[in-house]
Every structure is written in structure tokens, then in C-alpha cells.
Amino acid sequence: MFRAFRNEVEAALADALSAMDLPTDDLGVEEPPEDVPATLASNVAFRLASEVGAPPPKIAADIAGEISVDGYDYLDHVDTGGPYVNFHTTEQYLADTLAAAGDDEYGRLPDKDESVVVEHTSANPTGPVHVGRARNPILGDAVANVIDFAGYDVERHYYVNDAGRQMAVFTWAYETFDEADLDSEPERDRIEYDLVRYYRKGNRVLEEGDPEEVEAAEAEISEILQGIEEGDEETYARVETVVDQVLSGMKECLGRLPAEFDEFVKETRFMFDGSTQEVASRLKDSDYAVLEEEAWQLELDEWDIEKKLVFLRSDGTSLYTTRDLAHHEWKFENFDRAVTVLGEDHKLQAEQLKAALEILGNDVGQLDHAIYSYVNLPEGKMSTRAGTGVDLDDLLDEAVDRARDEVESRLDSRIRDDELDEDDIERIAHQVGIGAVRYDIVSKQPTKAITFEWDQALDFEAQSAPYVQYVHARCCGILDEASQAGVEPTDVDPAVLSTEAEEDLLRTIARFPAVVETAAEDLEPHTVATYTREFAEAFNTFYRECSVLNADDEETQRARLALVDASRHTIANALSILGVEAPDSM
RNA sequence: GGGCACGUAGCUCAGUCUGGAUAGAGCGUCGGACUUCUAAUCCGACGGCCGUGGGUUCAAAUCCCAUCGUGCUCGCCA
């Protein structure tokens with residue numbers, strides 16, 4: 001309802017301003033501070049002061065007097081607070097909010113009939129997913145969720161880099177070394193932990209091995225790369241043996257979050273179908289192409305990019321970005337929009353990609369990047385190759401373990417007699433543990449760097465997943481008790497919800513669809529996390545002050561129950577956008 | 001060195017794009033609230049030259065310039 005109210009406010013204000021012969025280009029509509037009893041306000045009077053030649057409070061009063069609320073459903077009346085014009089809602093606003101939030105899909109915006117492909121994670125299949133990379137699936141999944149919830153048709157893609165040098169190195173190492181050559185046991189009983197040892201061994205040999213050995217290896221690696229480039233089936237099969245095995249393990253790990261994908265798109269696909277070479281030849285014909293030292297490159301000065309983009313090596317083979325160009329043209333053919341979630345280390349490459357796509361004649365307005373900063377350890381960077389870093393599996397295990405300890409230690413002091421059994425404890429431990437990890441990462445602005453610290457990531461109090469999840473569990477508890485007592489959230493008179501706590505909660509619920517809309521537009525799911533905290537605060541105040549089952553009369557009982565039902569839908573949907581589970585009890 | 005980010009309470013962060021009402025949370029510290037729909041909760045206190053210096057503006061945490069600090073980046077790697 002907030003969105004509808006905002007539209008009404010803008011329309012009413014614009015009408016009044018034009019009736020007064022004043023400009024309507026900047027309405028200055030904003031949410032007032034908490035202690036102001038208005039839902040929206042306008043600061044337009046400040047800007048008109050010099051033009052009109054009157055002090056802002058006078059102008060505000062004049063505007064307020066000029067505004068007509070006739071014909072609006074939610075705009076009740078207008079007054080001023082000094083220089084501000086304040087807009088107040090009708091009873092209908094709260095009534096309609098309560099009714100709308102009775103739907104368990106509340107917050108989902110109308111279908112836009114527009115398809116969006118969200119590419120995220122796309123980590124090279126070189127080994128276990130570490131925490132440094134984990135920001136990508138967690139952020140990416142939330143970005144996809146919020147766009148989905150905002151009414152778009154979303155597909156989630158993982159782009160598999162199976163044609164790069166790293167995979168050639170991996171393939172060579174996998175075929176060259178035996179178990180006996182490796183100096184460690186797998187850290188975990190899963191395929192990518194087993195195989196990454198070959199990759200690390202291979203890289204060590206390339207860095208430190210004797211020159212003859214390295215030379216032979218490089219020859220082999222280059223042969224593999226050439227083989228793929230030429231579409232040689234046998235080479236492809238050798239590489240995919242490694243790729244598919246490692247990837248299958250990584251999928252399992254990501255599945256624990258869970259981050260699921262609709263499609264794993266391999267880059268070799270765009271080599272074998274000829275589109276990469278086709279893109280390269282179109283680029284060669286462009287005005288921006290230059291041949292320097294036998295390598296084809298693009299001059300991107302026009303895009304303020306100093307670095308030239310090499311799109312064909314001197315031996316004629318393609319590079320990662322060349323294939324990615326073909327990949328993106330494929331996306332543009334099949335989807336209305338493409339969103340890619342990338343680490344900041346790929347930012348320059350992403351800008352070059354965009355420029356090159358423009359040169360190729362694409363509408364780059366279809367492409368958006370969500371860029372995030374890396375997650376580092378206090379002691380430095382995480383690297384699969386070097387084997388430094390915390391594995392995501394270990395983080396999730398630790399999170400679930402700590403959550404389980406927490407649940408068990410709280411068992412004795414539980415008031416609620418719902419008799420949690422072993423399965424419940426395990427369920428709650430998973431929901432809370434994994435939820436806490438996701439929430440910790442998704443709730444922060446993506447541009448800010450994160451230094452990973454165990455205690456901080458696994459703090460179960462305060463501004464964390466459990467704090468918000470607890471609200472959901474409380475809702476479920478009340479709804480459960482109510483249903484046993486035979487109270488139904490039907491035949492409700494919203495006007496009964498007249499205390500400040502009830503009204504605040506309802507107003508917070510009303511804002512949810514607007515939060516979804518903005519988060520989707522800006523690709524910033526962390527604003528949904530901020531909202532869940534504000535929501536939890538409003539709900540907890542209501543919980544403290546307004547008993548549902550012990551309310552004075554049945555009418556109040558029913559109305560409050562409807563409010564709890566609406567709250568549950570709101571917080572469940574907000575959490576689901578964040579990829580955090582909503583426990584029925586905890 | 002060039003480019004791009006980031007710098008807000010002791011700590012972790014919202015707010016910055018789109019300037020506007022006394023800068024908000026949590027953790028920690030201190031003090032309160034469970035015979036009550038779940039205390040993973042709530043209430044209160046303490047805590048801020050919004051990195052620094054200039055500028056624009058009626059108004060700056062927010063925009064511009066400079067500067068310092070941190071991160072990323074500047075391969076015929078991905």
C-alpha cells in the first residue's frame with residue numbers, strides 16, 4: 001500500500017504545485033523521521049523559498065492548503081511541520097495492508113513479463129569453495145530471489161570456465177601425477193577435495209620445478225589448450241573428466257547454502273558452435289581493432305579504459321573475455337536482461353566486456369553488474385591454488401555445530417512446552433547456523449570489504465539471522481496456539497488495531513513491497529536485510545505490548561491474530577529473499 | 001605511479017546513488033524486566049570533530065576538489 005500511497009502523494013502534490021504555477025520537477029518526497037506522525041513528507045518548500053520570495057514554512061502552509069485529497073483512497077489529510085508538508089494516511093491504508101498481507105505471497109510484485117538471467121558464482125572448477133568466494137553465491141542467490149519476487153522471470157546460471165589455462169593445468173596435473181606423488185590426504189571425503197591436491201601439486205611444480213620438467217609441462221598444457229580451441233573431441237573429454245568431477249563436488253557444497261542453479265553453461269559451448277570465432281572476426285572488422293605484436297586488440301579510449309582488450313592471441317586462439325562476449329550475445333538473444341554478480345577484481349574486465357559488446361552492436365543497457373568486495377582472512381587473501389583459506393564446508397559445519405550447542409543449552413530454560421525432539425534440534429541447528437552465515441554476508445553493502453572472523457560471523461544474537469528468525473517462530477507459536485484455541489483470523493475489523501504498536505507494525509508491513517521494488521532495481525538485497533531488522537523491532541514491541549490470545553475481547557483477538565498472520569507472511573517472504581530459512585519453532 | 005572502491009560510537013554495521021526535521025542499530029560496559037502468546041526477547045544509561053582540509057548550498061555523513069589511510073586493479077591469466 002505504501003507504493004500506492006506514494007503515488008497518490010506525488011500526484012496530489014504535483015497538482016497543487018502546478019495549480020500554483022510552481023515547478024513540479026523535484027517534489028522532494030521523503031520518509032520523515034520516526035517521531036513525526038506522518039507517513040510521507042515533502043521538503044519542496046525549501047527550494048521554492050527564493051523563487052516565491054516567502055519563508056519555507058509559509059510556502060509549506062500554502063501548498064498544504066492547495067492540496068486536494070478528493071478521489072484518493074489512501075491520502076487522508078495534509079498538514080505542515082514547520083517547512084515540511086506532511087502527508088497522512090486513511091484508515092483504508094491500514095485496512096488494505098492487513099488484507100493484502102493475508103496472502104502468503106505478500107510482497108511479490110505483479111508479473112512484469114520480462115526475463116532476466118542472473119549469473120553468479122561461476123567459480124573456476126579448481127577445488128573446494130572457500131569463504132572468500134562464498135559471498136558470490138550468497139549475494140547472487142539473494143539478487144536472483146529479489147528480482148524474482150519483483151515480478152521478473154528469473155533464470156540462475158553458473159558459467160563454467162572449462163576452456164581456460166587453469167583447467168589445462170589441472171588436466172595435465174591430474175593425468176601426470178599419482179596418489180603417491182601427493183603429500184597430503186584429502187581434507188574431506190568429497191571429490192573436489194581429492195582432486196584439488198593434483199591442481200596444487202601441478203602449480204607447485206610449475207612454480208618451483210626444474211626447468212626441463214616445467215618446459216615439458218608447458219608443452220602439454222599448451223597442447224591441451226590448442227586441442228580445445230580446435231574442437232578436438234578427445235582433448236575435450238580429458239578436460240571434462242576433471243571439470244565435471246570437481247564441479248559436482250562444488251555443486252554439493254553450494255547446495256548446502258542452498259544455492260541452486262537452473263543451468264551450468266560451459267564456455268567451451270561457445271567455442272564449439274563457432275560463435276567465439278564469429279565474434280572475433282566481427283571485432284576485427286570494427287573501427288576499434290588494432291593488430292599489435294600479432295595479437296588482435298581493441299582500443300577502448302572512448303570508454304575511458306586505458307588498457308587494451310586482447311581478443312585473439314598471436315597464435316590465433318581466443319581468450320576468456322572473447323568467449324564471454326559470445327556468451328553474453330547468447331544471453332541477449334535468450335533473455336531481456338542479464339545480471340552478473342562479480343567480485344571487484346573482475347571490475348575492469350567487466351567494463352571492457354561491456355564496451356566490446358557495444359562495439360558489437362548490442363544494447364548494453366540490458367546488462368548490469370552487481371560488484372562486491374572480497375572476503376579476506378585477518379592474515380590475508382584466500383586462494384584455492386595456494387590452499388590458503390577457510391573452506392565453506394568447514395564454516396557451515398562449524399556454524400551448525402555452534403547453533404546446535406546453542407539450542408541444547410537453551411532447552412532447560414524453555415517456557416514453551418512443545419517438546420523439541422532430536423529432529424527438531426537438528427532442524428533448528430541447520431536453519432539457524434546456515435541462516436546466520438548467509439545473513440551475516442548478505443546484510444552488508446556489497447562494496448564493503450569483509451574480513452572473515454569466526455566469532456563475528458557466528459554471533460547468534462543481535463542483528464543476526466536468529467534474531468529475525470525468532471520473530472517468525474514467535475508468529476508461528478501464536479498462530480499455533482490460536483488455532484488450538486479455535487480463534488480464526490477472519491471477520492476482522494482493522495479499526496480495532498488502534499494502539500501505537502499495532503499501527504507501527506502494520507505500517508512497517510505496508511512498506512515491504514516498496515522495499516522489494518527498490519532492492520530489485522538497485523540489485524541491493526542488503527536493504528531487505530535492513531528491513532527485516534526494522535520489522536523485527538516493530539514486531540517485538542507489538543509482541544510485548546499486545547497479547548493476542550489474552551486480548552480483552554474476541555474482536556481484538558481476531559484482529560491481532562490477522563496482524564500476526566500478516567507479519568508471518570511478511571517476515572517469511574523477506575527471509576526467503578535473503579535465502580534464510582524461517583523456522584516454525586526455535 | 002594511473003584507475004576504481006572503501007573510511008560513520010571501543011568493535012561490527014545502516015544511512016551516501018536521489019542533500020533536508022535532534023546521525024540510527026547491534027556487540028561490549030553499566031542498570032532494570034521472565035507465575036504472562038517462546039527472555040535467541042524487551043526497557044534504560046553511557047558512548048559520535050560521520051578520516052582530514054577546503055568548496056558548492058538556505059541546508060552536507062550525503063555533492064565537488066584536495067589530502068591521508070586501507071583494499072582491488074593496471075598479463076597474448078581467469
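In what follows, chains are A, B, ... by sequence order, proteins preceding strands, each numbered from 1.
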Engineer: Does this structure show an ion pair linking Glu351(A) with Lys347(A), if we count only N-O contacts that are shorter than 4.0 Å?
Structural biologist: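 Between Lys347(A) and Glu351(A) there is no salt bridge, as every charged N stays at least 4.0 Å from the carboxylate O atoms.
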Engineer: Please evaluate the base of A5(B) for a donor-acceptor partner in the side chain of Glu344(A) within a cut-off of under 3.5 Å?
Structural biologist: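 Between A5(B) and Glu344(A), which were checked side chain against base, a qualifying N/O pair under 3.5 Å is absent.
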Engineer: By the 4.0 Å heavy-atom rule, please label Gln469(A) as base, sugar-phosphate, or nothing.
Structural biologist: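 No contact at all - Gln469(A) keeps every heavy atom at 4.0 Å or more from the nucleic acid.
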Engineer: Which part of the nucleic acid does Tyr543(A) contact within heavy-atom distance under 4.0 Å: base, sugar-phosphate only, or nothing?
Structural biologist: base
Engineer: Base, sugar-phosphate, or nothing for Ala41(A), non-hydrogen atoms under 4.0 angstrom?
Structural biologist: base
Engineer: For A25(B), does OP1 or OP2 lie under 4.0 Å from any side-chain N or O of Arg533(A)?
Structural biologist: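 Indeed not, no polar side-chain atom of Arg533(A) lies that close.
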Engineer: How close or far is atom C1' of C74(B) from atom CG of Leu309(A), stated in whole angstroms?
Structural biologist: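 Those two atoms, CG and C1', are 14 Å apart.
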Engineer: Please work out if Val564(A) contacts a base, only the sugar-phosphate, or nothing of the nucleic acid, heavy-atom cut-off 4.0 Å.
Structural biologist: nothing
Engineer: Say you draw a straight line from CG of Leu48(A) to CG of Leu17(A); how long is it, rounded to the nearest 0.5 Å?
Structural biologist: 6.5 Å
Engineer: Just call it for Ile221(A): base, sugar-phosphate, or nothing, with non-hydrogen atoms closer than 4.0 Å on any strand.
Structural biologist: nothing
Engineer: Please determine, for G75(B), whether a Watson-Crick or G-U wobble partner exists with both distances under 3.5 Å, and give it or none.
Structural biologist: none
Engineer: Rounding to a whole Å, what distance do you find between Gln445(A):CD and A5(B):P?
Structural biologist: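 After rounding, the reported distance stands at 13 Å.
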Engineer: Does the structure show a Watson-Crick or G-U wobble partner for U57(B), both distances under 3.5 Å? Name it, or say none.
Structural biologist: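 Partner of U57(B): none.
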Engineer: Suppose we define a pair by two distances each less than 3.5 Å, Watson-Crick or G-U wobble; what does U52(B) pair with here?
Structural biologist: A66(B)
Engineer: Calculate the interatomic distance between Asp345(A) atom CG and C77(B) atom C1'; express it in whole Å.
Structural biologist: 12 Å
Engineer: Return the nucleotide paired to A21(B): Watson-Crick means purine N1 to pyrimidine N3 with N6-O4 or O6-N4, wobble means G-U with N1-O2 and O6-N3, both under 3.5 Å.
Structural biologist: none
Engineer: Counting just side-chain N and O atoms, does Asn550(A) come under 4.0 Å of either OP1 or OP2 of U36(B)?
Structural biologist: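 No.
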Engineer: Could you check whether Tyr84(A) gets within reach of a base, just the sugar-phosphate, or nothing at all, counting any heavy atom under 4.0 Å?
Structural biologist: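 The answer is base, as Tyr84(A) lies within the cut-off (heavy atoms under 4.0 Å) of a base atom.
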Engineer: For a quick check of understanding: with a heavy-atom distance under 4.0 Å over all strands, which category does Leu348(A) fall into, base, sugar-phosphate or nothing?
Structural biologist: sugar-phosphate
Engineer: Round to a whole Å and report the spacing from CD of Glu534(A) to C1' of G15(B).
Structural biologist: 10 Å
Engineer: Of the candidate nucleotides G2(B), U41(B), A78(B), which contains the atom at the shortest distance from the side chain of Glu306(A)?
Structural biologist: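 Nucleotide nearest to Glu306(A)'s side chain: G2(B).
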Engineer: Could you check whether Asp324(A) gets within reach of a base, just the sugar-phosphate, or nothing at all, counting any heavy atom under 4.0 Å?
Structural biologist: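 No contact.
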Engineer: What is the nucleic acid contact for Cys476(A), judged by heavy atoms within less than 4.0 Å: base, sugar-phosphate only, or nothing?
Structural biologist: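 The residue Cys476(A) makes no contact with any strand.
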Engineer: Looking at every strand, decide which applies to Val471(A) at a 4.0 Å heavy-atom threshold: base, sugar-phosphate, or nothing.
Structural biologist: nothing
Engineer: With the criterion set at under 5.5 Å between ring centres and under 30 degrees between planes, would G71(B) be stacked on Tyr374(A)?
Structural biologist: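 Not stacked by the 5.5 Å and 30° rule.
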Engineer: Between His327(A) and Tyr159(A), does the ring centroid distance fall short of 6.0 Å?
Structural biologist: yes
Engineer: Consider the side chain of Met586(A), meaning its heavy atoms from C-beta on, and name the nucleotide among U16(B), U18(B), A40(B) that approaches it most closely.
Structural biologist: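 Among the listed nucleotides, the one closest to the side chain of Met586(A) is A40(B).
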Engineer: Given C74(B), G20(B), U16(B), identify the nucleotide with an atom nearest to the side chain of Lys448(A).
Structural biologist: U16(B)
Engineer: Under 4.0 Å between any heavy atoms, over every strand shown, what does Arg474(A) touch: base, sugar-phosphate, or nothing? Just pick one.
Structural biologist: sugar-phosphate
Engineer: Which one, A40(B), A25(B), C37(B), comes nearest to the side chain of Ile428(A)?
Structural biologist: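 Among the listed nucleotides, the one closest to the side chain of Ile428(A) is A40(B).
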Engineer: Taking OP1 and OP2 of C74(B), is either one under 4.0 Å from a side-chain nitrogen or oxygen of Lys308(A)?
Structural biologist: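 Indeed not, no polar side-chain atom of Lys308(A) lies that close.
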Engineer: Got a second to check how far Tyr531(A)'s OH is from Thr518(A)'s OG1, nearest 0.5 Å?
Structural biologist: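 Separation between the atoms: 12.0 Å.
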Engineer: Just name whichever nucleotide pairs with C11(B), Watson-Crick or G-U, keeping both distances under 3.5 Å, else none.
Structural biologist: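 Checking every strand shown, C11(B) finds its partner in G26(B), with both distances under 3.5 Å.
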Engineer: Report the nucleotide, chosen from G15(B), C43(B), U41(B), that has the shortest atom-to-atom distance to any side-chain atom of Tyr467(A).
Structural biologist: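 Closest nucleotide among those given: U41(B).
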Engineer: Can you classify the ring geometry of Tyr374(A) versus His130(A) as parallel (below 30°), tilted (30 to 60°) or perpendicular (above 60°)?
Structural biologist: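 Because their plane-to-plane angle is over 60°, the rings of Tyr374(A) and His130(A) count as perpendicular.
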Engineer: Look through every strand shown and name the nucleotide pairing with G47(B) as Watson-Crick or G-U wobble, where both distances are under 3.5 Å.
Structural biologist: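 Paired with G47(B), as far as the under-3.5 Å criterion goes, is no nucleotide at all.
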Engineer: So does Glu294(A) pair up with Arg313(A), basic N to acidic O under 4.0 Å?
Structural biologist: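 Salt bridge between Glu294(A) and Arg313(A), a charged N being under 4.0 Å from a carboxylate O: no.
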Engineer: Do Ser314(A) and C76(B) share a donor-acceptor pair, side chain to base, under 3.5 Å?
Structural biologist: yes
Engineer: Which part of the nucleic acid, if any, lies within reach of Val548(A) when heavy atoms closer than 4.0 Å are counted: base, sugar-phosphate only, or nothing?
Structural biologist: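 Val548(A): base contact, heavy atoms under 4.0 Å.
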Engineer: Can a salt bridge be assigned to the pair Glu426(A) and Arg404(A) using a cut-off of 4.0 Å between side-chain N and carboxylate O?
Structural biologist: yes
Engineer: Does Arg313(A) place a side-chain N or O at less than 4.0 Å from the phosphate oxygens OP1/OP2 of C77(B)?
Structural biologist: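 Yes, within the criterion.
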Engineer: Take atom NE2 of His346(A) and atom C1' of C74(B), then tell me their distance rounded to the nearest Å.
Structural biologist: 15 Å
Engineer: Would the base of A21(B) count as contacting Asn86(A) through its side chain, where contact means a donor and an acceptor less than 3.5 Å apart?
Structural biologist: yes
Engineer: Looking across every strand, which nucleic acid part, if any, lies under 4.0 Å from Ala482(A) by heavy atom: base, sugar-phosphate, or nothing?
Structural biologist: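 No contact.
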Engineer: C37(B) phosphate, OP1 or OP2: any side-chain N/O from Gln484(A) under 4.0 angstrom?
Structural biologist: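 Looking at the OP1 and OP2 atoms of C37(B), neither is under 4.0 Å from any side-chain N or O of Gln484(A).
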Engineer: Thr447(A) or Glu406(A): which one's nearest nucleotide on RNA chain B is closer to the 5' end?
Structural biologist: Thr447(A)
Engineer: Relative to each other, are the rings of Phe539(A) and Tyr543(A) parallel, tilted or perpendicular (30° and 60° limits)?
Structural biologist: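 It falls in the tilted class, 30° to 60°.
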Engineer: Considering only side-chain heavy atoms of Asn540(A), which listed nucleotide, A40(B), C76(B), U41(B), is closest?
Structural biologist: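 The closest nucleotide is U41(B).
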Engineer: Out of C43(B), C4(B), G20(B), which has the shortest distance to the side chain of Arg544(A)?
Structural biologist: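 Minimum distance to the Arg544(A) side chain belongs to C43(B).
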Engineer: Under 4.0 Å: is that the gap between some side-chain N or O of His369(A) and OP1 or OP2 of A5(B)?
Structural biologist: no
Engineer: Base, sugar-phosphate, or nothing for Ser464(A), non-hydrogen atoms under 4.0 angstrom?
Structural biologist: nothing
Engineer: Flag the pair Glu500(A) and Arg507(A) as a salt bridge only when some basic side-chain nitrogen lies within less than 4.0 angstrom of an acidic carboxylate oxygen.
Structural biologist: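 No.
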